[in-house]
Structures are given as C-alpha cells and as structure tokens.
Engineer: 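One structure is given below, represented as structure tokens, and several questions about it will come after.
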Amino acid sequence: MGPLFSDDMILQRESQVPIWGLASPNEKVTILSSWNNRTASTKADNQGNWIVKIETPLAGGPYEINISSGDSVLNYSNVLIGEVWIASGQSNMQMALYGGGKEPVFGSIDMIAQANNSNIRLFTVRHRSSETPKKDLNGKWLVSSPSNVSGFSAVAYSFANYLNKVLDIPIGIIHSSWGGSPAEAWTDQKTLNNIFEKSEIRNRHKDKAIHHNPSGLFNAMINPLIPFKIRGAIWYQGESNVGRANNYTKLMNNMIDGWRSQWNQGSFPFYFVQIAPNGAGGNTNKTSQAFLREAQLMTMLQTENTGMVVTLDIGSEYTVHPPEKILVGKRLAYWALVKDYKLGGISFSGPVYKSLDIKGHKVIVNFDYAQNGITSYNKPIVGFEIAGSNKVFYKANAKVIRGYGLNRSKLEVSSDSVKNPEAVRYGWKNYLIGNLYNSQGLPASSFRSDNW
C-alpha cells in the first residue's frame, strides 16, 4: 500500500479519495468501505501499480476499509473521515510542543495535558533526502494524546487543534519539515529547471548538507505523499533564504504552483508564516530579514488562494525560534476558517499596506484588512521611517487619524527631519516588536513604499 494508508488514518471528507499501492501484475484489487458497504475495484498494470478512487462521506467514523487482491487481504480499522492538511517548512515548523534547544513553546504544558482527542490524527514524515523522486517514506498515523503530541510540530498541532475545536470534525495533519532547509529543497526539479538557470540554483550553505540539496526534500518527503487527498497546506520557512530575498517571491510562487500541479487537485489553499523578527547573531539593526518578509508578502499578493500570518509582534531578540508557536498555529487557522470553511465574523489578516498620499510634510498611509480601524493599544507606534528625495530614512512619528466619520484605517506619518517626504517604511529591520494592529488584534506586516 501507499505509505499513508494504515490504521488510525484520516481521509478527506466528501471527496473522491485516491488509494494506491502494488499488487501482482495485472491482478484485480478490490476495496470495501464500511461507511457505505460498497466496493470499488481496479486492475494492476504490468508492473503491479494500481490506483482507484473511492467516495468518502460527511465527516465521521470510526470506519473500516478492506483491501483484497488474490489471496491477500488488508484490513484498516479506526479510520476517520474529516479534513487533511500538510504542514511543511524548516525548524519553526519542526519545533515540537515540548520545545527544544533550550527554547520554550509558550502554553505547551496545557496543550499537551489536554491532548487526549481521538478526532485529531498526526503523521510525521521522517527526515530523508533523495536525488530522485521516491514513492515510499517512513512514518505512521498516531491518535492525539499527551505522549504523542509532545514531540509533534507545535505549529501544526495548534492549527489542527483549533480547527477541530471550531469545526467539531476530525482533523488529520501530515507534518513534513526539516530544520535549516531552504525553499529550493522543497521545490520539484522540473519547476526549478523551468524558472532558474543552473547557475542560479544554489544554497546559502557550503557544508553540502543533504537537506540543502535542491529538490532533495521534495523528492523524499513530499512526492511520496502525492496524490493523497488533502484540503490544503501550511508552511513556515524562510530563514534559510535570508540573503536571497531577491528571488524568493519567484521561487515560492513557482514552488506552490509546482505542488499544486503535482497533486492535480486544483489551486488548493496554501497558508504560510512570515518569518519573525529576530536579532540572532547580533544583527538586530540590519535589514536582510525585512527584504525576505517583503518577498513573502509579495507571494501572498501575487499567488491565488494563499494567505500569510504576520509575526512582527512576537519575534525574539536572541533566537530565530519565537516561543509563540501555539498563537502562530491559531493565526494560520483563522485563514482556513474564513477562506475554506466560510466562517463569518472573524478577521484573518492583519493590516497590509495599500497606498500613500503625501500632504505637505506628512504622509498618509492607507491599509487593507483594517476595515474597522487600526490601533496600537494606546501605545506609541514604533517602527516607522520616512525619507525625502535624498533617500535617507529618519525615524518618524505615526498616529491614527481620528475623528467622526473618518476612515480609521489610515495613519499619519511625519518627521521634523523630512520636510518633503517621498517614501515610508515600517518595521524595516531585522528585529523589532511591531505594535500596529487592526482592531481585531492581528498585526500589520512590515512594508516599504519605495523600491530603493
């Protein structure tokens, strides 16, 4: 059988779900599902490969699936029907609920203690890299429990747990990530060859680590998952591409398109996390991370059915691993709840820069995703800079434009050092604690109005 089929698995609800495996050449394979007591059958090809689609019902279970071929019979039990998501990226996605490397995950004890939930199922793909696409992998489905979730991805589990609480249906989460991996490693070779010259496909690292190899992790840790039916994907990566921000938008746009093309189930949702501000290595006032965050923002704006979680308010001065992993998972869930499950009345994105108007020595900044206004919770807004024609940026004062009937999604930004402003930036350095939010409490992304 394909590597994702076992006891305790979750299958995507109300779908035509592919099931596949190997049998003797040209042998008939029959699948019986207990939710409808119907059979589906197919015939293996000359190499023994077979695939068949079965129809799944509304969320529920547990059920059984019986698969037979010749004299062989497999019985899978405790199978649920619900929602299935992929979670991938590098160390911020990989970081377990119990923390790691002397770094904590805030709120993890309570989440682990409350993890007995048979309606959440976990699958972790073990680390592996390959120069060619693979069909097999190591991993198994686990039922959510304190012992099983403590070592599971904190972000992925928080996302699944929140969806389960709100939707009250089974959630399956397939976690496939590797710390320190660049996005090139998760991109299929055909896509890389189509968008970059060979001389452009490189890695920041020089140690020849296998998880840095272009397409290596796609081949070994994503390709074997295809075509398992999923609702969508969540992604937390980018730190290993800081320094190559100039091509990151192009890379991510095409990586996402490549995944969607390989899965062949349309433009499924792809929600990702903008890298958090950090001063690791003492580089707090440099700007390389700001350019990478901008590249991530451009992916959200350019690629359909994507969404971005902003973490500008919860970074860490001393590490690239901010401890608010549970909050990040919930913020990812907001996107899915609104966009995919049509839950009304909640916000899913923080303010996103829209445009600016120059009025004398002041700059008026306009935002999307802030229909009910922006706020700093009565604290001075930090992180704004403006510049004139000399392109020199100065620290600026920013305040919400107030008044009856006025659009409170506008900011007024000015500096005594700039009499004729032309450009504005917000959060444009590696580390800061951003404190600009919409009225629903979601933070604004860093941005710049210039292209200098």
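All values reported here derive from a predicted model rather than from experimental measurement. Note that these values count all heavy atoms, side chains included, but never hydrogens, waters or copies made by symmetry.
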Engineer: Under a 3.5 Å cutoff, is there a donor and acceptor pairing between the side chains of Gln302 and Thr249?
Structural biologist: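 Short answer, no.
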
Engineer: Taking C-beta and beyond as the side chain, do Met221 and Leu137 meet within less than 4.5 Å on heavy atoms?
Structural biologist: no

Engineer: So does Lys250 have more than 12 non-hydrogen atoms from other groups sitting under 6.0 Å from NZ?
Structural biologist: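 Count over threshold, so yes.
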
Engineer: Taking the side chain as everything from C-beta on, heavy atoms only, tell me whether Arg128 gets closer than 4.5 Å to Asn138.
Structural biologist: no

Engineer: Between Phe5 and Trp20, how do the two ring planes meet: parallel, tilted or perpendicular, split at 30° and 60°?
Structural biologist: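 Rings of Phe5 and Trp20: perpendicular, over 60°.
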
Engineer: Quick one: are Ser347 and Asn438 in side-chain contact, heavy atoms under 4.5 Å?
Structural biologist: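 Side chain of Ser347 against side chain of Asn438, heavy atoms only: contact under 4.5 Å found.
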
Engineer: Answer yes or no: is there a side-chain heavy-atom contact under 4.5 Å between Pro269 and Asn305?
Structural biologist: yes

Engineer: Hey, does Thr191 have a side-chain heavy atom less than 4.5 Å from the side chain of Phe196?
Structural biologist: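 Not in contact.
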
Engineer: Once the angle between the rings of Phe447 and Tyr353 is folded into 0 to 90°, is it parallel (under 30°), tilted (30 to 60°) or perpendicular (over 60°)?
Structural biologist: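 Correct class here is parallel.
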
Engineer: Using a cut-off of 6.0 Å, state whether more than 12 heavy atoms not belonging to Asp168 lie near its atom CG.
Structural biologist: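 At most 12 heavy atoms, drawn from other residues, nucleotides or ligands, come within 6.0 Å of this atom.
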
Engineer: If we count only N and O atoms by modelled type, under 3.5 Å, do the side chains of Gln289 and Asn278 hold a donor and an acceptor together?
Structural biologist: yes

Engineer: Go through the steps to decide whether Val310 and Leu442 satisfy the test side chain to side chain contact (heavy atoms under 4.5 Å, CB included), and finish with yes or no.
Structural biologist: CA-CA 8 Å; Val310 175; Leu442 295 178; over 6 Å; no

Engineer: For the residue pair Leu312 and Ser445, what are the closest heavy atoms and their distance?
Structural biologist: CD2-C, 4.3 Å

Engineer: Given Val84, which partner from the list Lys229, Gln12, Met9 fulfils the side-chain contact (heavy atoms from CB on, under 4.5 Å) test?
Structural biologist: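 Going through the options one by one, the only one that passes is Gln12.
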
Engineer: Exactly one of Phe159, Tyr341, Tyr162, Tyr271 should register a ring-ring contact (aromatic ring centres under 6.0 Å, His included) with Tyr334. Which one does?
Structural biologist: Tyr162

Engineer: Looking just at side-chain N and O atoms, do Asn36 and Glu55 make a donor-acceptor pair shorter than 3.5 Å?
Structural biologist: no

Engineer: Do you know the tightest heavy-atom contact between Pro3 and Pro224?
Structural biologist: CG-O, 3.6 Å

Engineer: Would you call Glu184 and Arg244 a salt bridge, using N to O less than 4.0 angstrom?
Structural biologist: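 Looking at Glu184 and Arg244, the cut-off is met.
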
Engineer: Nearest 0.5 angstrom please: Gln274 CD to Thr311 OG1, how far?
Structural biologist: 6.0 Å

Engineer: Atom CZ of Phe272 and atom CH2 of Trp335: how far apart are they, to the nearest 0.5 Å?
Structural biologist: 8.5 Å

Engineer: Given side chains that start at C-beta, do those of Leu337 and Leu167 come closer than 4.5 Å, heavy atoms only?
Structural biologist: yes

Engineer: Looking at Arg448 and Asp450, does any basic side-chain N land under 4.0 Å from a carboxylate oxygen?
Structural biologist: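 The answer is yes: the pair qualifies as a salt bridge.
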
Engineer: Between Ser129 and His211, does a side chain to side chain contact (heavy atoms under 4.5 Å, CB included) hold up when you go through it step by step?
Structural biologist: CA-CA 6 Å; Ser129 181; His211 62 298; 5.6 Å; no

Engineer: Return the OG to CG distance between Ser6 and Leu142, rounded to the nearest 0.5 Å.
Structural biologist: 9.0 Å

Engineer: How about Asp7 and Asn78: does a side-chain donor come under 3.5 Å of a side-chain acceptor?
Structural biologist: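 Result is no, nothing qualifies.
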
Engineer: How are the rings of Phe270 and Trp259 set relative to one another: parallel (under 30°), tilted (30 to 60°) or perpendicular (over 60°)?
Structural biologist: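 Taking Trp259 first and then Phe270, their aromatic rings stand perpendicular (interplane angle over 60°).
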
Engineer: Side chains of Thr306 and Ile256: closer than 4.5 Å at any heavy-atom pair?
Structural biologist: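 Sidechains of Ile256 and Thr306: in contact.
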
Engineer: Has Ile433 got more than 12 heavy atoms of other residues, nucleotides or ligands less than 6.0 Å from its CD1?
Structural biologist: no

Engineer: Should Met308 and Thr299 count as side-chain neighbours, where that means a heavy-atom distance under 4.5 Å?
Structural biologist: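 Side-chain contact under 4.5 Å: no.
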
Engineer: Using only heavy-atom distances, determine whether the side chains of Ser355 and Asn366 contain a donor-acceptor pair under 3.5 Å.
Structural biologist: yes

Engineer: Among Trp85, Phe152, Tyr157, which one satisfies ring-ring contact (aromatic ring centres under 6.0 Å, His included) with His175?
Structural biologist: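 Of the listed residues Trp85, Phe152, Tyr157, the ring-ring contact (aromatic ring centres under 6.0 Å, His included) partner of His175 is Phe152.
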
Engineer: With rounding to the nearest 0.5 angstrom, report the CD to CG distance, Gln189 to Asn194.
Structural biologist: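 Between Gln189 CD and Asn194 CG, I get 10.0 Å after rounding to 0.5 Å.
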
Engineer: Can you tell me how the ring of Phe291 sits relative to the ring of Trp428, calling it parallel under 30°, perpendicular over 60° and tilted otherwise?
Structural biologist: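 Because their plane-to-plane angle is over 60°, the rings of Phe291 and Trp428 count as perpendicular.
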
